[in-house]
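Values in this document were obtained by computation on a predicted structure and should not be read as measured data.
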Amino acid sequence: MGQIKVEKNAGGIEGLCVIEPAVHGDSRGYFMETYNQNDMKEAGLDLVFVQDNQSSSSRGVLRGLHFQKEHPQGKLVRVIRGRVYDVVVDLRKGSDTYGKWHGVELSEENKKQFYVPKGFAHGYLVLSDWAEFCYKCTDFYHPGDEGGLVWNDPDIGIQWPEVKGEYPGDGSADAYQMVDGAPLVINERDQNWRGIKEYGL
């Protein structure tokens, strides 16, 4: 027991949690528990996960901001290789922090995990040359149920690190690049999501 340290209400947003596991290292390497149901319950996170996902992406790839409309998912996310900037936006109706965003750097070095409750849009930007991203979900992926917010919505104002460019009036990635000149890579669907005001969320 007691193998995790939990920062609750991260960024002043109720329900967001940054989790740091206890890492036991020596000259051979290290060991840590990446998930322990008892420790999570003790921290007030009584969750049931039904699906694990993993993705691999190169520097400058931005995925998001995604959510499921009728089957919202809670997510426990972490990075096992490289470094990403993980971002969420509060879309919970009636929330005091509705429309507010919060970002956390997750990396293989800091080994932090980010718990994102149901009712948030989620995305991330790869900051290292390559990254492997893992997450546990409280509900299954439902094809056709996915929604999204455009990544650069000025009404949300996410400050993506290591990205430079001027807002062109839409979600086009062509107007941006990484500070080292690497392209910002966003698929067409994610460039075409609407802003938070347009959705009326």
Side-chain angles (χ1 to χ4, degrees), residues 11 13 16 51 53-75 77-79 81-93 95 97-107 114 116-135 137 139-201:
I13 301 177
L16 291 184
Q51 182 175 320
N53 299 327
Q54 183 167 335
S55 67
S56 183
S57 307
S58 58
R59 176 171 170 78
V61 169
L62 193 155
R63 299 181 184 270
L65 301 158
H66 301 150
F67 58 90
Q68 288 195 165
K69 295 175 282 189
E70 301 299 326
H71 302 276
Q73 297 170 306
K75 296 178 180 178
V77 305
R78 65 190 181 101
V79 167
R81 179 187 176 193
R83 184 168 63 99
V84 312
Y85 191 64
D86 198 77
V87 171
V88 297
V89 179
D90 189 352
L91 297 180
R92 297 171 297 180
K93 293 181 179 178
S95 170
T97 52
Y98 173 83
K100 183 176 179 180
W101 70 276
H102 184 63
V104 177
E105 184 172 306
L106 305 175
S107 71
F114 193 22
V116 184
K118 296 178 181 180
F120 286 77
H122 171 259
Y124 63 91
L125 170 68
V126 178
L127 301 175
S128 53
D129 289 340
W130 203 262
E132 292 187 26
F133 184 87
C134 301
Y135 56 106
C137 302
D139 201 347
F140 298 102
Y141 171 69
H142 291 264
D145 188 42
E146 193 169 49
L149 291 175
V150 69
W151 67 280
N152 62 344
D153 184 355
D155 291 316
I156 299 172
I158 296 170
Q159 297 175 20
W160 296 99
E162 301 184 30
V163 173
K164 63 180 182 179
E166 295 289 334
Y167 178 63
D170 58 24
S172 172
D174 293 340
Y176 301 86
Q177 62 180 352
M178 303 297 286
V179 292
D180 62 358
L184 188 62
V185 182
I186 308 175
N187 72 15
E188 184 176 356
R189 181 192 60 169
D190 287 348
Q191 293 182 64
N192 290 322
W193 294 122
R194 292 179 289 168
I196 193 169
K197 285 184 178 177
E198 295 178 68
Y199 273 112
L201 292 169

Checklist entry - Considering all heavy atoms of both residues, which atom of Gln68 and which atom of Phe140 are nearest to each other, and what is their separation? => result NE2-O, 3.3 Å
Checklist entry - Side chain of Trp151, backbone of Gly171: donor and acceptor closer than 3.5 Å? => result yes
Checklist entry - Relative to each other, are the rings of His71 and His142 parallel, tilted or perpendicular (30° and 60° limits)? => result parallel
Checklist outcome for this item: The reported gap from NZ in Lys75 to NZ in Lys118 (rounded to nearest 0.5 angstrom) is 13.0 Å
Next on the checklist: Using a 3.5 Å distance criterion without hydrogens, assess whether the side chain of Gln191 forms a donor-acceptor pair with backbone atoms of Ala173.
Outcome noted: yes
Item to check | Atom of Ser128, atom of Gly82 and distance for their closest heavy-atom approach | outcome: OG-CA, 3.3 Å
Item to check | Heavy-atom side-chain contact between Val79 and Glu105 under 4.5 Å | outcome: no
Checklist entry - Can you find a pair of side-chain heavy atoms, one from Ile13 and one from Phe120, that are under 4.5 Å apart? => result yes
Checklist entry - Can you check side-chain contact (heavy atoms from CB on, under 4.5 Å) on Leu62 and Asp190, steps first, answer last? => result CA-CA 9 Å; Leu62 193 155; Asp190 287 348; 6.0 Å; no
Checklist outcome for this item: side chain to side chain contact (heavy atoms under 4.5 Å, CB included) test vs Arg83 passes for just one of Leu127, Leu106, Asp129, Val126, namely Leu127
Checklist entry - Do Val77 and His122 touch side chain to side chain, with heavy atoms closer than 4.5 Å? => result yes
Checklist entry - Which pair of non-hydrogen atoms, one from Trp193 and one from Gly64, has the smallest distance, and what is that distance? => result CD1-O, 4.4 Å
Checklist entry - How long is the span from the OG atom in Ser107 to the OH atom in Tyr85, to the nearest 0.5 Å? => result 13.5 Å
Item to check | Non-hydrogen side-chain atoms of Leu125 and Met178 separated by less than 4.5 Å | outcome: yes
Checklist entry - Taking all atoms of both residues into account, what is the closest heavy-atom pair of Pro72 and Gly119, and its distance? => result CB-N, 4.2 Å
Checklist entry - Does the pair Arg59/Asp180 count as a salt bridge with the N-to-O cut at 4.0 Å? => result yes
Item to check | Separation of Glu198 CD from Asp153 CG (nearest 0.5 Å) | outcome: 7.5 Å
Checklist entry - Just by modelled atom types, is the Asp170 backbone N or O under 3.5 Å from a matching donor or acceptor in the Asn152 side chain? => result yes
Item to check | Pair Glu70-Asp139, side-chain contact (heavy atoms from CB on, under 4.5 Å): steps then yes or no | outcome: CA-CA 11 Å; Glu70 301 299 326; Asp139 201 347; over 6 Å; no
Checklist entry - Between Asp86 (side chain) and Tyr124 (backbone), is there a donor-acceptor pair under 3.5 Å? => result no
Checklist entry - At what distance, to the nearest 0.5 angstrom, does OG of Ser57 lie from CZ of Arg63? => result 3.5 Å
Next on the checklist: If we ignore hydrogens and angles and just use 3.5 Å, is the side chain of Glu132 paired with the main-chain N or O of Ser56 as donor and acceptor?
Outcome noted: no
Checklist entry - In terms of the angle between their ring planes, are His102 and Phe114 parallel, tilted or perpendicular, with boundaries placed at 30° and 60°? => result perpendicular
Checklist outcome for this item: For Phe67 and Leu149, the nearest pair of non-hydrogen atoms, with its separation, is CE2-N, 4.2 Å
Item to check | side-chain contact (heavy atoms from CB on, under 4.5 Å) assessment of Ile196 paired with Leu91 | outcome: CA-CA 9 Å; Ile196 193 169; Leu91 297 180; 3.8 Å; yes
Item to check | Rounded distance [0.5 Å steps], NZ in Lys164 versus OH in Tyr176 | outcome: 13.5 Å
Next on the checklist: Within the 4.5 Å heavy-atom criterion, are Asp90 and Leu16 side-chain neighbours or not?
Outcome noted: no
Item to check | Heavy-atom side-chain proximity of His66 to Arg189 below 4.5 angstrom | outcome: yes
Checklist entry - Do Tyr141 and Asn53 have side-chain atoms, one donor and one acceptor, less than 3.5 Å apart? => result no
